[in-house]
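Heads up: the structure comes next, in structure tokens.
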Amino acid sequence: MSIFTKIAEGEIPSYKCAENEEFYAFLDINPLVKGHTLVIPRREVDYIFDMEDDELARFQVFAKKVAVAIKSAFPCVKVGQAVLGLEVPHAHIHLVPMQSEKDMNFSNPKLQLSSEEMAAIADKIYKEFAK
Ligand code: AMP
């Protein structure tokens, strides 16, 4: 079972931002900026481009809704989207509220946020998503 499956099933804690029966969104534990979120399918699949067209389309639409919630919670120029998947073999979309393209540089040093700050960020996004 992948670490992200364990997260989606609640076996490993996460800062939940949004969910439905098929997909789950939570804060990246090493955020580039406040509001950096990961979106995953509950179904375990490593490579995003191995997903069937229909599932991939629903995944992207779910990620769009999460991006809208992130932008409301954390005003930014745009929410950037990236797929890397070099570290965790469970398909995921990174959503990053951007003030400039520099915010999408995954080699940047990551923010160190307290668990209280992370919980508050996730809560803000969750409330926007639920609206
Ligand atoms: P990549 O597979 O290259 O897209 O990178 C995986 C991402 O998942 C990194 O940005 C990590 O900070 C993030 N990550 C790894 N483990 C966790 C976790 N337990 N909770 C939240 N984010 C995680």
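Remember, it's 1-based here, ligands and their atoms both numbered in the order they're listed. Bear in mind the structure is a predicted one, so any value in this text is a computation, not a measurement.
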Hey, which atoms in ligand 1 end up nearer than 4.0 Å to a heavy atom of [X]?
| X | value |
| --- | --- |
| Leu38 | 8 (O), 13 (C), 22 (N) |
| Asn30 | 11 (C), 12 (O) |
| Leu84 | 3 (O), 4 (O) |
| His92 | 1 (P), 2 (O), 4 (O), 5 (O), 6 (C) |

Examine the proximity of ligand 1 to [X] and report which part, side chain or backbone, both or neither, has a heavy atom under 4.0 Å away.
| X | result |
| --- | --- |
| Tyr15 | neither |
| Ile7 | side chain |
| Phe26 | side chain |

query: Around Glu52, counting heavy atoms of other residues, nucleotides and ligands shown, do more than 12 lie under 6.0 Å from its CD?
result: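 Result for CD/Glu52: open.
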
message: Using a strict threshold of under 4.0 Å (side-chain N to carboxylate O), is an ion pair present between Glu128 and Lys131?
response: yes

task: Answer yes if the ring centres of Tyr24 and Phe4 are under 6.0 angstrom apart, and no otherwise.
output: no

message: Centroid separation under 6.0 Å, is that true for the rings of Phe129 and Phe62?
response: yes

- prompt: In terms of the angle between their ring planes, are Phe106 and His36 parallel, tilted or perpendicular, with boundaries placed at 30° and 60°?
  reply: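 Geometry flag for His36 against Phe106: perpendicular rings.
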
- prompt: Among Asp46, Leu27, Leu86, Asp28, which one has a heavy atom closest to atom 13 (C) of ligand 1?
  reply: Asp28

- prompt: For atom 20 (N) of ligand 1, which candidate among Ile93, Thr37, Ile29 provides the closest heavy atom?
  reply: Ile29

